[in-house]
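Atoms within a ligand are numbered from 1 in the order they appear, just like the ligands themselves. The figures that follow rest on heavy atoms only: side chains count, while hydrogens, waters and symmetry mates do not.
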Amino acid sequence: MGSVAARIVSVKAREVLDSRGNPSVEAEVVTRESVGRASVPSGASKGRLEALELRDGDAKRFHGRGVRKAVANVTKVIGPGVKGLVAADTRRIDDAMISLDGTPNKSKLGANAILAVSMAAVRAAANANSVSLFSQLRKQRAYTLPVPMMNVINGGEHAGNNLAIQEFHIEPVGAKTCTEAIRMGAEVYHSLKEVLVSRYGRVAINVGDEGGFAPPLGLTRDALKSVREAISKSGYNEEDVRLGIDAASSTFYDGKTGRYAIDGGSMDERKLEDFYSTLRDEFGLLTIEDPFHEEAFAAFASITKRLGASSKVIGDDIYVTNVGRMRTGIRKKATNAVLIKLNQIGSVSETEDSIELAKKAGWSITVSHRSGETEDPFIAHMATAFGSDFVKTGAPARGERTAKYNELMRIEEELGSRARFAGRRF
Ligand code: PGA
Ligand code: ZN
């Protein structure tokens with residue numbers, strides 16, 4: 001089957017809603033042979049150095065969060081700028097948009113405008129060739145599907161409770177396939193619902209932004225205990241379903257005092273490192289994301305040295321999927337793992353560069369959603385194409401989260417014997 005060099009004829013865009021009811025950019029790249037559509041997500045606990053998400057600021061629409069400017073940038077600036085380029089030529093398309101923008105953080109056209117087109121072009125190419133998105137992203141004989149990192153308890157800025165830690169994850173590494181891991185995760189999620197009702201009453205099963213439960217708790221350990229009980233209640237052991245957290249600790253760090261407000265008190269860096277270490281020993285945490293604030297390279301390096309032999313210390317806000325920041329992290333041995341978010345950097349090819357750099361450094365890779373998501377399952381293909389160790393895409397509930405998990409199951413089915421599962425490979 002020869003591939004078709006489908007060229008971009010036009011680019012359309014519109015406002016759509018994300019899972020929090022905020023507007024987001026959806027783009028459509030049209031070629032003579034195909035159409036590719038994609039929409040972009042939006043974070044709540046954003047890294048300071050993320051590429052810029054362009055919002056209108058017009059208080060009369062969507063509380064100022066409209067994205068009409070970004071939409072107009074797609075149709076009036078980007079569209080004419082990429083017309084005639086081959087949809088499959090991701091790097092060229094991205095470079096063209098980056099130079100049209102001309103700023104280091106995509107603040108002129110907006111990362112939301114640029115990324116939507118970057119993703120939609122890959123899809124237009126896949127559709128023109130009648131291939132799945134993952135193989136359009138990267139052609140391989142066999143693919144490794146990621147371990148789902150499911151966020152089953154929500155805290156921090158994603159929930160209305162007093163948990164400082166933003167996310168409590170289950171990671172079914174003992175599964176034989178990704179599909180089985182998703183089933184195991186869904187079972188634990190439902191056992192957790194029972195555990196929370198019996199311990200705290202029905203108020204505890206309201207959910208947060210990523211579909212995890214948001215019980216009215218204030219202590220980190222209480223959340224982890226409930227998750228652990230849910231794992232054993234489901235008939236699994238702690239080797240098969242591991243635990244992880246995303247502290248997103250910039251959200252509870254006070255730059256003036258240098259202290260972290262957590263569990264009803266406050267801790268300095270040393271004390272917080274000891275706290276994580278105790279949690280690791282007690283709950284066998286496999287992953288610890290953003291344990292310190294986004295500029296604390298030395299504190300990251302210290303905890304990685306202490307816990308890195310058996311746990312993955314993941315950098316999210318500290319790196320913002322930016323190769324420059326990641327190189328600093330590699331040099332300072334700040335982490336042994338990275339979170340990858342397309343919209344932190346704002347194009348598909350730059351995201352690929354970050355993944356390749358992480359691989360060279362021997363870091364564990366987690367391709368991730370945002371807390372504000374759309375139904376677009378792009379990251380399921382991204383994680384598969386690049387052999388990500390984990391995929392982080394919320395609870396096994398709520399449509400914008402299950403869109404990704406369900407897509408992974410379809411991908412695994414399509415691949416058949418060409419599918420591997422990352423499992424305990426980490
Ligand atoms: P965000 O959170 O999408 O709200 O930034 C996700 C994360 O911190 O990993
Ligand atoms: Zn994070």
Side-chain angles (χ1 to χ4, degrees), residues 18-22 24 39-53 55 65 111-112 115 146 148-160 163-171 207-212 214 244-253 260 276 285-296 300 303 312-322 325-326 329 334-335 337-346 351 354 358 363-374 376 378-379 382-383 388-395 398 400-401 404:
D18 75 11
S19 57
R20 275 193 282 253
N22 289 321
S24 185
S39 55
V40 301
S42 175
S45 64
K46 284 187 213 160
R48 197 175 50 84
L49 295 174
E50 290 190 18
L52 184 111
E53 181 182 80
R55 299 227 176 246
R65 298 190 198 105
N112 41 356
L115 179 62
M149 181 186 275
M150 293 171 161
N151 181 6
V152 291
I153 291 189
N154 293 187
E157 298 197 351
H158 297 166
L163 290 168
I165 302 289
Q166 178 177 280
E167 304 171 14
F168 296 83
H169 301 130
I170 50 170
E171 301 158 356
V207 299
D209 285 359
E210 297 188 356
I245 55 172
D246 177 7
S249 62
S250 290
T251 62
F252 55 91
Y253 173 68
Y260 295 83
Y276 291 128
L285 300 181
L286 175 58
T287 56
I288 304 173
E289 182 180 330
D290 281 358
F292 299 102
H293 74 85
E294 61 199 317
E295 294 300 336
F300 268 86
I303 195 170
K312 301 293 167 197
V313 178
I314 303 176
D316 170 14
D317 293 348
I318 188 172
Y319 298 140
V320 291
T321 315
N322 180 308
R325 296 282 294 185
M326 288 169 63
T335 67
V338 62
L339 206 76
I340 298 288
K341 291 167 167 167
L342 285 147
N343 82 326
Q344 281 182 329
I345 191 70
T351 306
S354 300
W363 285 0
S364 166
I365 296 164
T366 301
V367 169
S368 171
H369 68 162
R370 301 308 300 252
S371 52
E373 264 295 335
T374 72
D376 193 328
F378 197 95
I379 59 165
M382 196 78 192
S388 182
D389 301 281
F390 297 91
V391 68
K392 180 170 107 158
T393 187
R398 306 287 131 190
E400 76 283 4
R401 314 296 153 185
K404 283 69 163 174

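Given atom 8 (O) of ligand 1, the protein heavy atom at minimum distance is Q166 NE2, 3.0 Å. Here the protein heavy atom with the shortest distance to atom 7 (C) of ligand 1 is K341 NZ, 3.1 Å.
The Zn ion (ligand 2) has an N, O or S atom of D316 inside 2.8 Å of it. Here E289 meets the criterion, with an N, O or S atom under 2.8 Å of the Zn ion (ligand 2). For D246, the nearest N, O or S atom to the Zn ion (ligand 2) falls under 2.8 Å.
In the model, Q166 has no side-chain atom that pairs as donor or acceptor with a side-chain atom of T251 under 3.5 Å.
When non-hydrogen atoms are compared, ligand 1 lies under 4.0 Å from the side chain of K392 (C-beta onward) but not from its backbone. In D209, neither the side chain nor the backbone holds a heavy atom less than 4.0 Å from any atom of ligand 1. At a 4.0 Å heavy-atom cut-off, ligand 1 does not touch D317 at all.
Polar contact with ligand 1: absent for H369 (N/O pair, distance under 3.5 Å). Checking only distances, R370 does come within under 3.5 Å of ligand 1, N or O to N or O. The shortest N/O to N/O separation between S368 and ligand 1 does not fall below 3.5 Å. At under 3.5 Å, not a single nitrogen or oxygen of G372, backbone or side chain, sits near a nitrogen or oxygen of ligand 1.
In terms of heavy atoms, Y319 sits closest to G329 at OH-CA, 3.6 Å. The minimum heavy-atom distance between G315 and T335, with the atom names listed, is N-CG2, 4.0 Å. Residues S24 and D18 approach most closely at CB-CB, 4.4 Å, considering heavy atoms. Between R401 and G394, the shortest heavy-atom distance links the atoms CD-CA, 4.1 Å. Considering all non-hydrogen atoms of both residues, K404 and T374 come closest at NZ-O, 2.7 Å. Across every non-hydrogen atom of P291 and I303, the tightest pair is CG-CG2, 4.1 Å.
Within a 6.0 Å radius of CZ in R20, more than 12 heavy atoms belonging to other residues, nucleotides or ligands are found.
Partner H169 forms a side chain to side chain contact (heavy atoms under 4.5 Å, CB included) with one of I245, L286, D246 and no other, that one being D246. Of the options V320, V338, T321, a side chain to side chain contact (heavy atoms under 4.5 Å, CB included) to S354 is made by T321 and by none of the others.
Of all atoms in ligand 1, numbered sequentially from 1 with element shown, those under 4.0 Å from a heavy atom of S45 are 1 (P), 2 (O), 4 (O), 5 (O), 8 (O). Atoms of ligand 1 lying under 4.0 Å from at least one heavy atom of D246, given by number and element, are 7 (C), 8 (O), 9 (O). Annotation for ligand 1: atoms under 4.0 Å from non-hydrogen atoms of L339 are 9 (O). Ligand-side atoms of ligand 1 in range of G43: 1 (P), 3 (O), 4 (O), 5 (O), range being under 4.0 angstrom from any heavy atom. Here is the list of ligand 1 atoms found below 4.0 Å of a heavy atom in E289: 9 (O). Which parts of ligand 1 touch D316 is read off a 4.0 Å heavy-atom cut-off, strictly below it: atoms 7 (C), 8 (O), 9 (O).
Ring-plane geometry between Y276 and F292 is classed as perpendicular, the angle between the planes exceeding 60 degrees on a 0 to 90 degree scale with a lower cut at 30. Between H293 and Y253, the angle of the ring planes stays under 30°, which puts this pair in the parallel group of the 30/60° scheme.
The closest approach between a heavy atom of E167 and any atom of ligand 1 is below 4.0 Å.
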